[in-house]
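Okay, structure first, notes after.
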Amino acid sequence: MIQDIAPHVFHNEYHPDRRPKAEDHLILYREGAFALKMTGDRQTMDFPRASMFPESLDEAVYLFEMDGQAWFALPEIPDVDRVFEEQGLEWVKFAGIRRSGIGPKWHLFALYTAYHLMEWYTVNRYCGKCGGKMEKDRTERAMFCPVCKRKVYPRINPAVIIGVINGDRLLLTRYRNGNGMNALVAGFTEIGESFEETVAREVMEETGLRVRNIRYYKSQPWGIAEDILAGYYCEVDGDDRIRMDQNELRYAEWVKREEIELQPQSYSLTNEMMQEFKEGRIRALP
């Protein structure tokens, strides 16, 4: 999955006083694109370094660390086009990076995580309670309102991915809108709801099926949607006739394990759960 980057090590501890060193990575983002240096016939990517923008580093925002090296976000900088030409950088659409499998994967994970943080910083410049201008907290990853003293922490949306099993078949879906790849039933947890209750409700809403033996599999951070995904398997309970929600899905069918078509990239929890069932490591409970 996208977070499986070993032997590289990710640290998300907050260090507000850390300043960029020459070789630290910079994240520059605008209008759905990241500033990158494309290499290897455009199959690999690298990031701008702090040494490329010495006059703009006072505005750098610390994000995280990988392998002892810091990553910072940098707002718009003056004369950016000239620097790009000199340094061989270009704006590359994030959506294209995700679809194409450009690597290395630990760099892709850095983009997912940086995107999550940068979107949060962008939408929390002003206090939602009193309208005051927010400041970065000095002790933890939070935005602080000096007027009403409100703190806002990074938004993380809890959601579930659900592998519904019917003997040697798995329930596959495709969303009404989207990329058309095979997926599993999924949905966000509502107020006052447990993950297990979310599983039962989402399966019923999207396919009209009841389920039993709900059991946890694995979780995944998914920064491009500000999510934390919790994967569950379960069995259909009783009637296995699918009554698909046509507003949400355009396809929902029981598929034999050997006929399951996986997604082209191995980044997602959804794909791993389909693969685990396809290869026989997950089986129905009695």
Side-chain angles (χ1 to χ4, degrees), residues 1-4 94-101 105 108-109 112 115-116 156-190 193 195-211 213-236 240-284:
M1 295 189 288
I2 190 66
Q3 73 271 24
D4 297 329
F94 189 26
I97 296 170
R98 287 157 39 205
R99 287 194 300 266
S100 64
K105 190 169 71 169
L108 188 60
F109 176 65
Y112 274 54
Y115 177 85
H116 190 168
I156 304 174
N157 306 313
V160 295
I161 304 294
I162 311 156
V164 185
I165 299 170
N166 187 7
D168 69 343
R169 298 181 295 171
L170 188 68
L171 180 60
L172 298 189
T173 67
R174 293 173 193 156
Y175 296 113
R176 174 63 57 186
N177 300 308
N179 54 30
M181 294 186 296
N182 281 337
L184 300 174
V185 173
F188 292 102
T189 300
E190 301 289 353
E193 190 175 58
F195 280 136
E196 291 78 9
E197 289 168 335
T198 306
V199 168
R201 175 182 56 78
E202 285 290 345
V203 176
M204 173 58 71
E205 288 179 355
E206 294 190 10
T207 66
L209 297 168
R210 296 185 184 279
V211 296
N213 294 336
I214 297 171
R215 54 200 184 273
Y216 175 73
Y217 169 66
K218 193 181 285 188
S219 65
Q220 174 176 48
W222 198 244
I224 56 176
E226 303 176 354
D227 295 351
I228 178 70
L229 304 176
Y232 285 84
Y233 288 103
C234 54
E235 275 75 45
V236 64
D240 66 358
R241 290 176 297 169
I242 297 170
R243 294 173 289 279
M244 184 180 71
D245 178 359
Q246 296 188 7
N247 293 319
E248 185 81 14
L249 305 175
R250 61 184 177 88
Y251 171 86
E253 296 289 344
W254 296 112
V255 180
K256 291 183 178 180
R257 64 176 78 244
E258 64 270 15
E259 297 175 358
I260 292 174
E261 182 178 340
L262 300 175
Q263 297 174 353
Q265 306 297 340
S266 61
Y267 304 146
S268 73
L269 176 60
T270 295
N271 192 74
E272 179 171 305
M273 290 177 67
M274 291 192 298
Q275 185 171 17
E276 288 293 295
F277 184 81
K278 178 182 176 71
E279 296 179 0
R281 288 184 288 272
I282 299 294
R283 295 187 175 274

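Test D227, T189, T198, L229 against P158 for side-chain contact (heavy atoms from CB on, under 4.5 Å) and you get one pass: T189. Put simply, the residue from R257, R281, R283, K218 that forms a side chain to side chain donor-acceptor pair (under 3.5 Å) with E276 is R281.
The OG1 atom of T270 sits 10.0 Å away from atom CE of M1, with the distance rounded to the nearest 0.5 Å. One distance of note links CD1 of I165 with CH2 of W254; it measures 9.0 Å at 0.5 Å rounding. Distance check, rounded to the nearest 0.5 Å: CG of D168 to CZ of F277 gives 6.5 Å. Atom OG1 of T207 and atom CD of E202 lie 10.0 Å apart (nearest 0.5 Å). Rounding to the nearest 0.5 Å places CZ of R250 at 12.0 Å from OH of Y175. One finds the CG atom of L171 at 9.0 Å from the CG atom of N166 (value rounded to the nearest 0.5 Å).
N182 and E261 share no donor-acceptor pair across their side chains, judged by distance under 3.5 Å alone. Between the side chains of T173 and E206, no donor-acceptor pair is found at a separation under 3.5 Å. With hydrogens and angles left out, the side-chain atoms of Y217 and E272 include a donor and acceptor closer than 3.5 Å.
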>> Would V160 and E196 count as a side chain to side chain contact (heavy atoms under 4.5 Å, CB included) here? Give the steps.
In response: CA-CA 9 Å; V160 295; E196 291 78 9; over 6 Å; no
> Between Q220 and I161, does a side chain to side chain contact (heavy atoms under 4.5 Å, CB included) hold up when you go through it step by step?
Replying inline: CA-CA 10 Å; Q220 174 176 48; I161 304 294; over 6 Å; no
> Hey, mind stepping through Q263 and S268 against side-chain hydrogen bond (donor to acceptor under 3.5 Å, both in side chains) and telling me if it holds?
Replying inline: CA-CA 9 Å; Q263 297 174 353; S268 73; 2.9 Å; yes
>> Walk me through whether R176 and N247 qualify under side chain to side chain contact (heavy atoms under 4.5 Å, CB included).
In response: CA-CA 7 Å; R176 174 63 57 186; N247 293 319; over 6 Å; no
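Few gaps surround CD on E258; more than 12 heavy atoms of other groups in view lie less than 6.0 Å from it. Heavy-atom neighbours of R210 CZ from other residues, nucleotides or ligands within 6.0 Å: at or below the threshold of 12.
Using a 4.5 Å heavy-atom threshold, the side chains of N157 and W222 count as separate. Residues Q275 and I260 are not in side-chain contact: their nearest non-hydrogen atoms beyond the backbone lie 4.5 Å or more apart. In this structure, the side chains of M274 and L170 come closer than 4.5 Å at one or more pairs of heavy atoms. A heavy-atom distance below 4.5 Å is not found between the side chains of Y232 and M273.
At a threshold of 4.0 Å, the pair E253-R174 does not count as salt-bridged, since none of the basic side-chain nitrogens sits closer than that to a carboxylate oxygen. A salt bridge links E205 with R201: the distance from a Lys NZ or Arg NE/NH1/NH2 to an Asp or Glu carboxylate oxygen falls below 4.0 Å.
Here the shortest heavy-atom pairing between L269 and A230 reads CD2-C, 4.2 Å. When all heavy atoms are compared, the tightest approach of P221 to F109 is CG-CE1, 4.3 Å. Across all their heavy atoms, A200 and V211 have their closest contact at CA-CG2, 4.1 Å. For G167 against A284, the heavy-atom pair with the smallest separation is O-CB, 3.9 Å.
The aromatic rings of F94 and Y112 lie perpendicular to each other, with more than 60° between the two planes, well past the 30° mark.
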